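For reference, the structure discussed in these notes is given below.
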Amino acid sequence: MTRCPTPGKNASCAPENTRSPQPGAAEQTMPEAFGEDVFSFRLMRERLPKEVFERLRNIGRGGRGWAPYDADVVASSMKDWALSRGASHYTHWFQPMTGLTAEKHDSFWVPAADDRVISEFSGKHLVKGESDASSFPSGGLRSTFEARGYTAWDPTSPAFVLRHGGTVTLCIPTVYYSHTGESLDRKTPLLRSLAALSAQASRMMRLIGFGDCEAVTAQVGAEQEYFLVDRRLYEARPDLVMSGRTLFGARPPKGQQMDGHFFAAIPQRILAYMNDVETRLFALGVPAHTRHNESAPCQYEMAPIFEPANVAIDHNMLIMEILSRAAGDHGLACLLHEKPFQGVNGSGKHNNWSLVDNTGRNLLDPGPEPRSNLPFLMVLAAVFRALHLHGPIWRICVVGAGNDHRLGANEAPPAIMSAYVGGDLEEIIDGIISGCHGGDCPPASRHVDLGVSALPNLTKDSSDRNRTSPMAFTGNKFEFRALGGPQSVSTINIAINTTVAQALSDLCDEIEQYAAQKGLATREAADELLPEFFQRHRAALFNGDNYSAEWVEEAARRGLPNLRDSVEALALYDRPEIIAVFERQKVLSRPEILARQHILLEDYSGRLLIEANLTLRLGRTMMLPAALTWQERLGQAALTAREALGENEPELAAYRDIRALSASLSRALKELEGAIQSVEAVNASPLEKAAQARDCLLPMMAAVRAQADQLETVVDASLWPLPTYGDIFWSI
Ligand code: ADP
Ligand code: MG
């Protein structure tokens with residue numbers, strides 16, 4: 001073992017032996033190890049009676065369900081497999097409204113006759129769990145005395161075993177709901193939204209002549225950004241440990257200015273960590289694929305290959321967990337927060353989204369002839385409609401105190417929801433709106449000439465990458481870019497699926513009515529209506545610079561809401577028009593929405609209060625004492641200088657400056673204390689409390705930070721109590 005220096009500002013530690021290998025890992029190749037810890041559909045096909053497996057795969061399709069004892073058969077097979085993988089416990093693995101995953105482990109082993117233990121895990125253990133839910137947020141959905149919460153197996157996402165610290169636990173993905181049958185989690189509404197989207201998208205496909213379309217699955221690839229910092233430096237920063245972000249920190253002489261980090265060679269220590277993470281994820285069947293340095297110092301990204309949304313979202317929860325757990329084994333800490341460091345880029349999560357039907361068609365693939373690709377154009381029109389009419393729903397689904405630091409801060413899209421499709425597609429859409437046909441229309445594909453004759457003839461993509469747009473079309477998928485690094489991908493997919501389902505449903509209704517009125521086939525009706533569909537929702541298409549001030553004005557003219565912060569967005573959650581969309585698509589009921597609004601507002605004020613209290617505590621117990629110590633020393637120096645040389649010596653000026661700064665810090669801390677007390681005493685609705693927290697705490701915290709950061713740049717470095725940004729950025 002490497003001996004680590006005592007925690008402190010200049011400490012740094014990389015353990016020699018970073019991690020004990022997984023059993024058998026050394027002899028295995030990556031492809032062999034892929035999915036070895038997953039009770040996959042392939043394994044189930046091999047191990048289960050054929051008819052049980054068929055029923056399992058078709059659950060929910062066309063109202064199909066279980067037969068008696070199916071669950072027992074699956075449970076017995078799952079248990080044998082888990083025990084063979086070394087599992088001692090099982091857990092229902094769920095996603096409550098905390099934003100994290102939750103688990104309560106039970107042992108497979110129970111006492112039997114003659115002082116032995118036997119393994120026990122039946123259908124009833126697999127299918128349903130009941131636990132005390134009183135400490136999970138419920139947003140008032142149940143009274144304190146109604147503490148029961150239930151978990152129920154989600155057979156569409158495979159079970160897996162999770163290894164940690166020598167323990168092996170069978171994890172069964174489940175939904176989570178209350179005694180009264182309301183969802184308390186992020187998986188239930190996701191599954192409902194996927195069903196709604198599938199129903200409406202396949203209805204649309206059949207209306208336009210694709211009779212073989214029975215189901216449509218949303219596919220998701222979630223890119224995950226994160227920071228890695230030396231663990232000793234992390235542990236010496238209580239703000240990072242307790243709030244996930246730095247509440248203090250002056251701009252270092254070297255930050256992101258040189259753009260030298262993005263895509264640069266990955267440091268060896270980081271590469272070893274990434275490799276470890278990928279190996280663990282591979283065993284869990286997560287198709288980890290891409291890794292690279294990101295824009296800010298110490299920032300990285302990983303992306304798996306896309307999968308059906310439900311599995312991709314479970315996998316993203318696992319990715320965040322493994323990224324965090326593995327970091328400790330490499331002497332690192334993984335920061336998932338949206339804005340761990342002021343002044344450099346924060347971390348987002350890009351949600352790549354497409355729609356694939358049961359025949360394998362990607363409905364977002366423009367194909368060689370996008371102008372006549374009706375499924376593609378209809379989905380595009382539905383996405384515009386969803387953004388135009390229901391943009392606030394998308395915005396609500398990316399709220400969070402952390403994400404407010406990113407959105408609109410010239411590193412992430414603004415809070416205005418719109419779509420980018422690139423110049424070629426915009427021309428096609430405008431052509432359709434203006435009734436352009438065949439030869440009159442401009443050609444869709446062009447070539448790129450790089451002026452280097454040795455290079456092949458490169459076809460130009462139909463869209464560039466517009467990194468400023470919240471919803472950018474990128475070839476055969478949309479990339480939603482406003483999600484925060486630590487956020488569950490579930491929420492934004494619930495928003496996209498539900499609103500696009502609603503839009504498709506409206507468009508289909510219109511097509512059916514028009515066809516009936518005009519005596520047309522529905523495909524012809526869709527063709528005739530398409531220009532109007534695009535025309536009506538053209539406002540949601542914006543190919544320009546979303547970071548610019550002009551777009552804010554232009555969006556206002558177009559009537560697109562700009563919900564600048566989480567409180568503004570959440571205030572709209574209980575509007576009738578928003579509840580109506582969720583209810584019509586049977587994704588969330590009114591009580592479920594009100595509960596979510598309540599939970600998210602409380603989460604917002606709770607986080608701000610933690611940050612404000614931390615700012616106060618660190619300011620009083622670390623920054624101010626350091627400043628006063630330095631002030632005292634400068635005072636001594638000033639006295640000596642005055643006695644020896646007179647009033648005009650620089651020592652006196654330095655003393656006066658530090659005194660002024662310390663006094664300002666002290667005053668700002670006093671004001672912050674008052675603000676905290678006033679917010680803590682608020683006895684009002686969660687919305688009013690969140691608004692108070694935003695209006696009173698954020699400016700006071702900023703005032704304290706401004707003084708402290710200034711002090712950091714003048715106080716003797718050996719007295720400064722926290723590792724600085726420079727220490728953290730350039731230690732690996
Ligand atoms: P970028 O260049 O945008 O950073 P990455 O390669 O990091 O792209 O990530 C792109 C993500 O999009 C990956 O997760 C990839 O699997 C996913 N993706 C690619 N095609 C599709 C698709 N048709 N539907 C959904 N996701 C997709
Ligand atoms: Mg990427």
Side-chain angles (χ1 to χ4, degrees), residues 34 190 193-194 197-198 201 215-226 259 261-264 266 274 277-278 281-282 284-296 299-320 322-323 345-367 370 373 375-376 379-380 382-383 411-413 419-422 425 461-483 485 487 489-490 492-493 495-497 500 546:
F34 185 73
L190 175 80
S193 76
L194 288 165
L197 182 62
S198 176
V216 172
T217 312
Q219 305 285 323
V220 165
E223 303 164 48
Q224 177 75 48
E225 295 177 344
Y226 59 96
D259 285 332
H261 192 66
F262 190 59
F263 282 7
I266 304 171
M274 288 175 165
V277 166
E278 287 159 10
L281 288 173
F282 244 53
L284 289 165
V286 180
H289 189 68
T290 304
R291 61 189 184 201
H292 60 81
N293 282 15
E294 254 300 331
S295 310
Q299 196 188 22
Y300 305 92
E301 177 180 310
M302 75 86 61
I305 291 176
F306 65 98
E307 301 175 278
N310 184 27
V311 176
I313 289 161
D314 282 356
H315 280 175
N316 182 255
M317 299 307 288
L318 278 176
I319 287 171
M320 291 195 284
I322 302 290
L323 282 172
N345 277 21
S347 294
K349 180 142 54 192
H350 301 162
N351 185 75
N352 294 274
W353 177 90
S354 65
L355 295 176
V356 173
D357 77 359
N358 53 301
T359 71
R361 279 179 294 244
N362 175 1
L363 311 190
L364 274 170
D365 185 352
N373 184 343
F376 170 68
V379 174
L380 221 52
V383 169
E411 58 174 271
Y420 163 88
V421 294
L425 278 177
D461 287 325
S462 67
S463 62
D464 191 3
R465 292 160 172 267
N466 186 333
R467 305 198 90 82
T468 71
S469 173
M471 187 71 163
F473 185 72
T474 43
N476 61 1
K477 59 182 166 77
F478 271 105
E479 180 175 3
F480 182 81
R481 306 173 56 85
L483 203 59
Q487 295 187 308
V489 210
S490 198
I492 190 57
N493 283 288
I496 301 177
N497 298 341
V500 172
N546 285 247

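Just so you know, residue 1 is the first one in the sequence shown, and it goes up from there. Model, not experiment: these values are computed from the prediction. Order of listing sets the numbers, starting from 1, for every ligand and every atom in it.
Remark: F376 engages F473 in a ring-ring contact (aromatic ring centres under 6.0 Å, His included) (not counting sequence neighbours).
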Run E307 and V220 through side chain to side chain contact (heavy atoms under 4.5 Å, CB included) and show every step you take.
CA-CA 6 Å; E307 301 175 278; V220 165; over 6 Å; no

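For the pairing with S347, the side chain to side chain donor-acceptor pair (under 3.5 Å) check across E294, Q299, E225 returns one residue only, Q299.
In the vicinity of I305, heavy-atom distances shorter than 4.0 Å reach the ligand 1 atoms 16 (O). Per-residue contacts place G221 under 4.0 angstrom from the following atoms of ligand 1 (heavy atoms of the residue considered): 14 (O), 26 (N). Close contacts between ligand 1 and Q219 involve ligand atoms 25 (C) [criterion: under 4.0 Å to a heavy atom].
Summarising the contacts of atom 3 (O) of ligand 1 with E307, E301, E223, the nearest heavy atom is found in E223. Considering S354, A303, P304 only, the shortest heavy-atom separation from atom 14 (O) of ligand 1 involves P304.
Between F282 and F34, the ring planes lie perpendicular to each other; the angle is over 60°, past the 30° to 60° tilted range.
Ligand 1 has a nitrogen or oxygen under 3.5 angstrom from a nitrogen or oxygen of F306.
For the pair T359 and D357, the tightest heavy-atom approach, listed with the atom from each and the gap, is OG1-OD1, 2.7 Å.
Residue contact check for ligand 1: E479 places a non-hydrogen atom closer than 4.0 Å to it.
A salt bridge between R291 and E278 is present, with a side-chain N of the basic residue lying under 4.0 Å from a carboxylate O of the acidic one.
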